[in-house]
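Working notes, beginning with the structure itself.
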Amino acid sequence: MSDIRVRFAPSPTGYLHVGGARTALFNYLFAKSQGGEFVLRVEDTDLERSTEEALKMQIGDLQWLGLDWDEGPNAGTLADEGEYGPYRQSRRQAIYQAIGHFLLKNGKAYFDFRTDEELDTLKKQSADGHSIPRPETLVSYEEGLERVKKGEQGAVRLINSFEKTFKVNDLVRGDVEFKSDMVGDFVILRSNGMPVYNFCCAIDDALMSISHVLRAEEHLSNTLRQLMIYELLEELHKSSDQQKEVLGFFQSSDFMGFVKDKLEKVHTGAKPSEEDFKKSEESLKKFFASDFVLPQFGHMSLILGPDKQKLSKRHGATSCNEYHTTGFLPDALINYISLLGWSHPDEKDIFKFEELVKIFSISRVNKSPAVFDEEKLSWVNSQHIKELDNQSLWQEVLPWLEGVIDTDSVNEAWVNAAMETYKTRMDKLSDAKELFAPMNDQSFAIDGAAQDALSWDSTKDVFATWIAELKTRDKEYLTADDFSEMQDAVKEKAGVKGKFLFMPIRVAIIGKPHGAELKELVPLIPTKSLIQRAETALAAL
RNA sequence: GUCCCCUUCGUCUAGAGGCCCAGGACAUCACCCUUUCACGGUGAAGACACGGGUUCGACUCCCGUAGGGGACGCCA
């Protein structure tokens, strides 16, 4: 069994962002290229912004991309699957509370009852304008707990030693050092009782035996805080007395009552169930029973917008869902995104997902930020479209053809022929809409761009002879050979050649002067329709 | 402001001291293919941020400067 366990930990506040998708992808690739496990954990401790809908959207996006997880919420039912659950932080509350209060009780953390206003003033008075000094005297755990129970607003801050230097060997950045005075006594439990990101993130990574934490560079400085928590956790892991103390909180009905009361007040949505509490306790026990794992960190550079700022909504399409709904192939998005900060060992630009999984290596991930280029994405997409076989492409294109043509009445040969002529003309699947519109008699119309061809003196003759030729053919569909005979006949009878011949005919077929080759177009449209169209064109003169 | 990170063509990148007066891809331009439009092919233009070291030799190592980014939240 492999010891590699990685996780993707989104907070469900909207659709999956392309940056998030790349983080998920690299985690997935890292795990899968080495036979490791990929877990999905939901970081929904920000009750205001996290929603169930958003969770479903994120899950849908991950699935669309094909980034399947080994553990985490089930994609359909959202029920936990795996040995290390619960996988949603909102349901792991008891763990954070027990550890938080353990730290409180042991003088590693303290209740801070200062108000926002007081804190603001202190910040302003500080030398650098934003640090918050530790209070002169700290309230005891007992006193603090009493006050909190009475409804006073108190956050819990971790005591910072201010004198350690933490060193990490970052998988992508190499050796990085953090001095603990980079941060102050940071909050681990908000005054509403909810834990803060850095606290639960470190706890969960530890309890879930996560071996490698691959995330975006913006989290680099968070590593310090998480390392501090890891240090405390390691100490806890070593001491059976301390373990007992933490587990004791779960046994205390007084404490659990306090926690549930807190949760009752803040949780608007689903609260952790008794089952979740039990599983949380199990999770802690499992942690104590297994080896302590300090993960290796890897911080990938950011994805930037064209203005070199962190990619965000104001840059346009940034969610995977938007690319999904505008006709991008998931493999193409994966392909393109993988190239942001990573490169193929053979300098290839186009490759399949399966190949990527085989060939991915974290050592080829680079440190510099990358600008997201929609034009290249588009090209990558067109390449993937071209490489699809006709039937698969047809399946992909089908949703866009709804209401454009009658997709039920076509046969396999038609599909093959149509895909063959159109696959080189699509950058996006949605382009099929416009491409196929002229296939439908109802939506056939003479395009404005055809004016030039309609103005030629010879055009009328071409239309007339073309119609006459069509009428001599008594077949439902014509072939490319039929067309070349007809083309010769029209050329001779109307006495025109070159563009004066072909452009008008194309106008009489699809209403546009430009497009696919006529000998490919003609077999796709019933002869009856061709006649009708040509007559419409003639009438438009 | 403080701390941290980054810096090769417009963009994504290759490059781990001589293979590099720097290679590939997108975009751009030209030509070819072609009845048109696409596709495809060929080619052109286009970069080592700057300054100091180290070295016989630096895109590659070190130090500075400049620029960009990130973090400094009871967001994640």
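A note on names: the letters A, B, ... follow the listed sequences, proteins ahead of strands, and every chain is numbered from 1. Source: prediction; values computed, not measured.
Straight-line distance from the CD atom of Glu218(A) to the C1' atom of G70(B): 8 Å, rounded to whole Å. The separation between Glu420(A) atom CD and G40(B) atom P is 14 Å, rounded to whole Å. Summarising the geometry, the separation between CZ on Phe186(A) and C1' on A76(B) is reported as 15 Å, rounded to the nearest angstrom. The distance from atom CG of Leu220(A) to atom C1' of C6(B) is 11 Å, rounded to the nearest whole Å. Separating the NZ atom of Lys376(A) from the P atom of A27(B) is a distance of 9 Å, rounded to the nearest angstrom. Distance Asp349(A) CG to U13(B) C1': 8 Å, rounded to the nearest Å. The interatomic distance linking Phe372(A) (CZ) with A27(B) (P) rounds to 15 Å, in whole Å. Atom CD1 of Ile337(A) is separated from atom P of U13(B) by 13 Å (rounded to the nearest Å).
Each of C72(B), C4(B), A14(B) was ranked by its minimum atom distance to the side chain of Val176(A); first place goes to C4(B). You'll find that the side chain of Arg49(A) is closest to A76(B), out of A76(B), A25(B), U13(B). Listed nucleotides A71(B), G40(B), C6(B) differ in distance to Pro369(A); the shortest reach to its side chain belongs to C6(B). Side-chain proximity of Arg157(A) to the nucleotides A25(B), C74(B), A76(B) is greatest for C74(B). Of all nucleotides listed (A27(B), G69(B), A76(B)), G69(B) comes nearest to the side chain of Leu302(A). Relative to the side chain of Glu217(A), the nucleotides A27(B), G69(B), A76(B) differ in distance, and G69(B) lies closest. Proximity note for Phe502(A) (side chain, C-beta onward) versus C26(B), U35(B), U13(B): the nearest is U35(B). Of the listed nucleotides (G24(B), C5(B), C26(B)), C26(B) has the atom at the smallest distance from the side chain of Glu375(A). Among the nucleotides G69(B), U35(B), A76(B), the one closest to the side chain of Leu518(A) is U35(B). Comparing C6(B), C74(B), G40(B) against the side chain of Lys367(A) picks out C6(B) as the nearest.
Paired with Tyr336(A) under the rule ring pair (Phe, Tyr, Trp, His ring centres under 6.0 Å), one option of Phe372(A), Trp379(A), Tyr323(A) passes, and it is Phe372(A).
The phosphate of C4(B) (OP1 or OP2) has no side-chain N or O of Ser221(A) nearer than 4.0 angstrom. Lys348(A) has no side-chain polar atom (N or O) that falls below the 4.0 Å cut-off from OP1 or OP2 of U13(B).
Aromatic ring orientation, Trp466(A) versus Phe483(A): perpendicular (interplanar angle above 60°, classes split at 30° and 60°).
Comparing G43(B) with C26(B), their P atoms sit 14 Å apart, to the nearest whole Å. Across A27(B) and U11(B), the matching C1' atoms stand 8 Å from one another, rounded to whole Å. Comparing the C1' positions of U54(B) and G17(B) gives an interatomic distance of 11 Å, to the nearest angstrom. For the C1' atoms, the distance linking G68(B) with C21(B) amounts to 29 Å, nearest Å. Spacing of P atoms, A16(B) relative to G73(B), comes out at 42 Å, to the nearest Å. C50(B) sits 16 Å from A58(B) when the C1' atoms are compared, rounded to a whole Å. Nucleotides A44(B) and C3(B) have their C1' atoms positioned 47 Å apart, rounded to a whole Å. Rounded to whole Å, the P atom of A49(B) lies 15 Å from the corresponding atom of U13(B).
At a cut-off of 3.5 angstrom, the base of G23(B) holds at least one donor-acceptor pair with the side chain of Glu347(A). The base of C74(B) sits with one of its N or O atoms less than 3.5 Å from a complementary donor or acceptor on the side chain of Ser191(A). Side-chain atoms of Asp373(A) and base atoms of A27(B) include no donor and acceptor less than 3.5 Å apart.
Partner assigned to U28(B) is A44(B), using Watson-Crick or G-U wobble distances below 3.5 angstrom. The partner of A14(B) is absent, by the rule that a Watson-Crick or G-U pair needs both atom distances under 3.5 Å. The nucleotide U34(B) finds no pairing partner, because no Watson-Crick or G-U wobble arrangement with both distances shorter than 3.5 Å includes it. With a cut-off of 3.5 Å on both Watson-Crick or G-U wobble distances, the partner of A71(B) is given as U2(B). Pairing for A58(B) is absent, judged as Watson-Crick or G-U wobble with the two contacts each under 3.5 Å. For C39(B), there is no paired base (Watson-Crick or G-U wobble, both distances below 3.5 Å). In a base pair of the Watson-Crick type (N1 to N3 plus N6-O4 or O6-N4) or a G-U wobble (N1-O2 and O6-N3), with each distance short of 3.5 Å, U65(B) is matched with A49(B).
Closest of all the heavy-atom pairs between Glu177(A) and Thr165(A) is OE1-CG2, 3.7 Å.
More than 12 heavy atoms of other residues, nucleotides or ligands sit less than 6.0 Å from atom CG of Asp389(A).
At a threshold of 4.0 angstrom between heavy atoms, the contacts of Asn222(A) include nucleobase atoms, whether or not backbone atoms are also involved. Residue-level contact check: His219(A) touches the bases, meaning some heavy atom is under 4.0 Å from a base atom. Using a 4.0 Å heavy-atom distance criterion, Lys310(A) is classed as a sugar-phosphate-only contact. Residue contacts for Arg364(A): at a heavy-atom cut-off of 4.0 Å it reaches the sugar-phosphate backbone alone, with no base atom in range.
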>> If you apply the rule salt bridge (Lys or Arg N to Asp or Glu O under 4.0 Å), what do you find for Asp204(A) with Arg7(A), and how did you get there?
In response: CA-CA 10 Å; Asp204(A) 290 342; Arg7(A) 67 357 180 236; over 6 Å; no
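Of the possible polar contacts, none joining the Arg225(A) side chain to the Phe186(A) backbone as a donor-acceptor pair under 3.5 Å is found. Judged purely by atom type and a 3.5 angstrom limit, Asp112(A) has no side-chain atom pairing as donor or acceptor with the backbone of Arg157(A).
Trp69(A) has its ring centre no less than 6.0 Å from the ring centre of Phe38(A).
Within the cation-pi definition used here (under 6.0 Å to the ring centroid, within 45° of the axis), Arg147(A) qualifies as a partner of Phe113(A).
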